[in-house]
There are 2 protein chains.
Amino acid sequence: MAVLDIKFTSHDCGSCPIRHRAVCARCDSDELAMLEEIKYYRSFEAGQTVIWSGDHMDFLGSVVTGVATLSHTLEDGRTQMVGLLLPSDFVGRPGRELAAYDVTAITDITMCCFRRKPFEQMMDRTPHIAQRLLQMTLDELDAAREWMLILGRKTAREKIASLLAILGRRDASLGLGGPVGDEIVFDLPLTREAMADYLGLTLETVSRQVSALKKDGLIELEGKRRVRVPSYDALLAETGDDSDGGLMV
Amino acid sequence: MAVLDIKFTSHDCGSCPIRHRAVCARCDSDELAMLEEIKYYRSFEAGQTVIWSGDHMDFLGSVVTGVATLSHTLEDGRTQMVGLLLPSDFVGRPGRELAAYDVTAITDITMCCFRRKPFEQMMDRTPHIAQRLLQMTLDELDAAREWMLILGRKTAREKIASLLAILGRRDASLGLGGPVGDEIVFDLPLTREAMADYLGLTLETVSRQVSALKKDGLIELEGKRRVRVPSYDALLAETGDDSDGGLMV
DNA sequence: CGTGGTCTTGACACGATTCAAGCCCCGTGG
DNA sequence: CCACGGGGCTTGAATCGTGTCAAGACCACG
């Protein structure tokens with residue numbers, strides 16, 4: 001997490017760490033200047049709720065640093081995570097005033113927030129923002145569908161393996177802990193309970209299956225939150241996906 | 001299904017039954033004329049596969065009549081439906097050449113197909129199409145997230161009740177079988193197996209829970225495929241969602 | 001050194017799956 | 001006209017995986 005935990009304080013889009021991946025990725029300098037007019041930063045500590053489902057949202061925004069979650073809760077307390085928000089991910093839906101999900105910071109986070117009305121007006125005028133948002137939304141939809149397969153059809157062991165594979169793939173693509181053979185190492189930004197809410201399991205089952213994968217030599221733990229995967233391919237074989245990798249993008 | 005089963009043969013967008021809900025909804029007459037240039041119709045019979053995951057797709061398109069599904073299959077045969085495509089729903093992803101999911105007709109269907117390349121060029125030029133596609137994609141993402149909650153956290157009984165509530169809500173919104181009290185009646189376009197693939201269950205469990213809901217008076221069946229719900233509110237109470245209706249849109 | 005949060009492990013219960021048998025309905029062919 | 005066959009569906013019995021409840025370990029922090 002070291003890289004992601006740096007508090008981002010500058011107000012200059014030019015030096016923003018998510019400049020080229022967020023909703024503003026395609027904007028030119030004029031458009032960025034307009035965004036600077038309507039944006040502000042907010043920070044939340046790990047564990048804080050950013051927004052409650054049903055709340056009025058007067059902003060839309062991007063996660064700049066840290067990790068947050070989107071989740072649904074049933075009245076009896078069962079909760080299902082429906083989105084894992086990493087740096088550059090977008091929060092809120094243009095045209096919707098009331099939040100549809102709970103948003104919770106699970107590490108300390110910084111968000112870049114745009115005032116709703118001017119942002120929506122800007123979306124209508126500058127296609128670059130809408131184009132990028134469409135691309136990001138299509139990516140999220142793909143991720144949601146892969147996730148649905150995990151929730152609906154995989155065993156507990158396959159679910160854990162899939163989650164670790166997804167997190168590992170992401171960190172590998174960021175170039176943290178470069179590839180040595182197909183070994184990968186990464187930090188787990190989720191508690192056992194958050195993993196359970198992601199996967200539709202109980203935290204006890206998560207704990208048992210993590211232990212089982214460890215016993216079988218598929219993963220090693222340094223502390224509770226740092227994971228070493230000696231063979232990424234061996235891990236993939238435990239996900240139940242097609243042998244070609246499964247995680248088509 | 002009577003209304004949806006009508007074969008649509010005209011090539012004139014003006015009289016198209018999904019003119020105002022599909023990806024072309026915002027297009028003006030000039031834009032429609034351009035679409036007419038690059039479109040063609042295809043029909044598939046119930047049970048036919050429209051596209052296999054991994055196939056090259058040389059078109060994008062909309063379901064005009066009938067019902068189709070999007071699904072993932074694991075190598076050992078477990079399958080999870082990840083999309084239920086109703087008239088006006090869009091198939092394919094701009095910029096992606098290879099299909100990511102299997103598309104299957106579950107009733108006879110008609111599709112309005114656009115040749116890929118010219119459609120993608122047109123998307124870049126005319127914001128009306130991209131705007132509408134963004135809106136539709138955001139709706140699908142919401143549906144996928146509601147679906148994830150169902151898959152991850154609901155019991156078999158709640159899953160069945162939720163699916164029936166979703167299908168009933170849709171048919172009610174189309175004004176078929178108008179509201180009498182809160183009774184609704186609708187056709188079930190899905191087999192027990194398709195319902196199972198939707199909900200991450202086995203077909204036996206689906207059958208058992210449908211029987212249980214029937215025994216408890218929450219639904220009545222006329223034949224296997226026509227459902228009467230005497231009280232929609234009572235059905236909602238079985239979904240496990242918040243009492244306020246849960247299905248926020 | 002105590003406290004609280006997080007995680008692990010065990011024993012047991014229960015809900016969903018699996019495997020199997022048979023029903024219902026409709027279309028086909030004798 | 002009826003027998004036959006098959007697809008879709010239902011139901012039962014046994015099994016298995018995951019959830020539930022409970023106890024305790026580990027670790028950071030005051």
Side-chain angles (χ1 to χ4, degrees), chain A residues 1 45-48 74 76-80 104 106-107 150-164 187-216 219-227 238 240, chain B residues 1 45-48 74 76-80 104 106-107 150-164 187-216 219-227 238 240:
Chain A
M1 281 293 81
E45 292 178 12
Q48 271 191 300
L74 297 171
D76 63 3
R78 283 174 286 174
T79 88
Q80 174 64 51
T104 311
I106 59 172
T107 65
I150 291 172
L151 290 172
R153 292 301 187 192
K154 292 193 178 180
T155 64
R157 182 183 176 95
E158 289 169 340
K159 285 179 174 182
I160 300 290
S162 298
L163 174 56
L164 294 175
D187 282 314
L188 203 52
L190 305 177
T191 63
R192 296 289 182 264
E193 185 178 19
M195 292 172 70
D197 285 343
Y198 187 112
L199 297 171
L201 297 170
T202 59
L203 68 89
E204 293 95 331
T205 299
V206 170
S207 181
R208 274 186 253 272
Q209 296 297 336
V210 169
S211 297
L213 289 177
K214 188 170 56 177
K215 185 161 65 65
D216 295 347
I219 59 173
E220 293 164 26
L221 298 182
E222 304 166 17
K224 300 296 181 195
R225 297 294 193 84
R226 188 159 189 83
V227 181
E238 297 292 330
Chain B
M1 281 295 83
E45 291 177 14
Q48 272 193 298
L74 297 171
D76 62 5
R78 283 174 285 174
T79 88
Q80 174 65 50
T104 311
I106 59 171
T107 66
I150 291 172
L151 289 171
R153 291 302 187 192
K154 292 193 179 181
T155 64
R157 182 184 177 94
E158 289 169 339
K159 284 179 174 182
I160 300 290
S162 298
L163 174 56
L164 294 176
D187 281 314
L188 203 52
L190 305 177
T191 63
R192 297 289 183 265
E193 185 178 18
M195 292 171 70
D197 285 344
Y198 187 112
L199 297 170
L201 296 170
T202 60
L203 67 89
E204 294 94 331
T205 299
V206 170
S207 180
R208 274 185 253 273
Q209 297 298 336
V210 169
S211 298
L213 290 178
K214 188 170 55 176
K215 184 160 66 63
D216 296 346
I219 59 173
E220 294 164 25
L221 298 182
E222 305 167 15
K224 300 297 183 196
R225 296 294 192 82
R226 188 158 189 83
V227 181
E238 297 292 331

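In what follows, chains are A, B, ... by sequence order, proteins preceding strands, each numbered from 1.
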Heavy-atom protein contacts under 4.0 Å, nucleotides 22-30 of chain D, coded B base, S sugar-phosphate only, - none: ---------
Please give, in whole Å, the distance from [N] [atom2] to [X] [atom1]?
X: K215(B); N: dT11(D); atom1: NZ; atom2: P; result: 10 Å
X: L221(B); N: dG8(D); atom1: CG; atom2: P; result: 17 Å
X: L190(B); N: dG8(D); atom1: CG; atom2: P; result: 13 Å
X: L203(B); N: dG7(D); atom1: CG; atom2: P; result: 14 Å
X: M195(B); N: dC9(D); atom1: CE; atom2: P; result: 9 Å
X: K214(B); N: dT11(D); atom1: NZ; atom2: P; result: 6 Å

Any donor-acceptor pair under 3.5 Å linking the side chain of [X] with the backbone of [Y]?
X: R153(A); Y: R78(B); answer: no
X: R157(B); Y: L213(B); answer: no
X: S162(B); Y: E158(B); answer: yes
X: S211(B); Y: S207(B); answer: yes

CA sep, side-chain torsions, deciding dist, call: R226(B), L221(B), side chain to side chain contact (heavy atoms under 4.5 Å, CB included): CA-CA 6 Å; R226(B) 188 158 189 83; L221(B) 298 182; over 6 Å; no
Across the strands shown, which category fits [X] at heavy-atom distances under 4.0 angstrom: base, sugar-phosphate, nothing?
X: L201(B); result: sugar-phosphate
X: S207(B); result: base
X: T191(A); result: sugar-phosphate
X: G200(A); result: sugar-phosphate
X: R157(A); result: nothing
X: S211(A); result: sugar-phosphate

Range on DNA chain C touched by chain A - first to last nucleotide, heavy-atom distance under 4.0 Å: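 Endpoints of the contacted stretch of DNA chain C: dC7(C) to dA11(C).
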Donor-acceptor pair present, R208(A) side chain and dT20(D) base, under 3.5 Å: yes
E204(A), CD: over 12 other non-hydrogen atoms inside 6.0 angstrom: yes
Which residue lies more 5' along DNA chain C, comparing V210(A) with R153(A) via nearest heavy atoms: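 Counting from the 5' end, the first nearest nucleotide belongs to V210(A).
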Stepwise side chain to side chain contact (heavy atoms under 4.5 Å, CB included) test for L151(A) and Q80(A): CA-CA 10 Å; L151(A) 290 172; Q80(A) 174 64 51; 3.9 Å; yes
Closest heavy-atom pair and its distance - P189(A), D187(A):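 Residues P189(A) and D187(A), closest heavy atoms: CD-O, 3.4 Å.
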Spatial distance of atom CG (L199(B)) from atom CG (L163(B)) [nearest 0.5 Å]: 5.0 Å
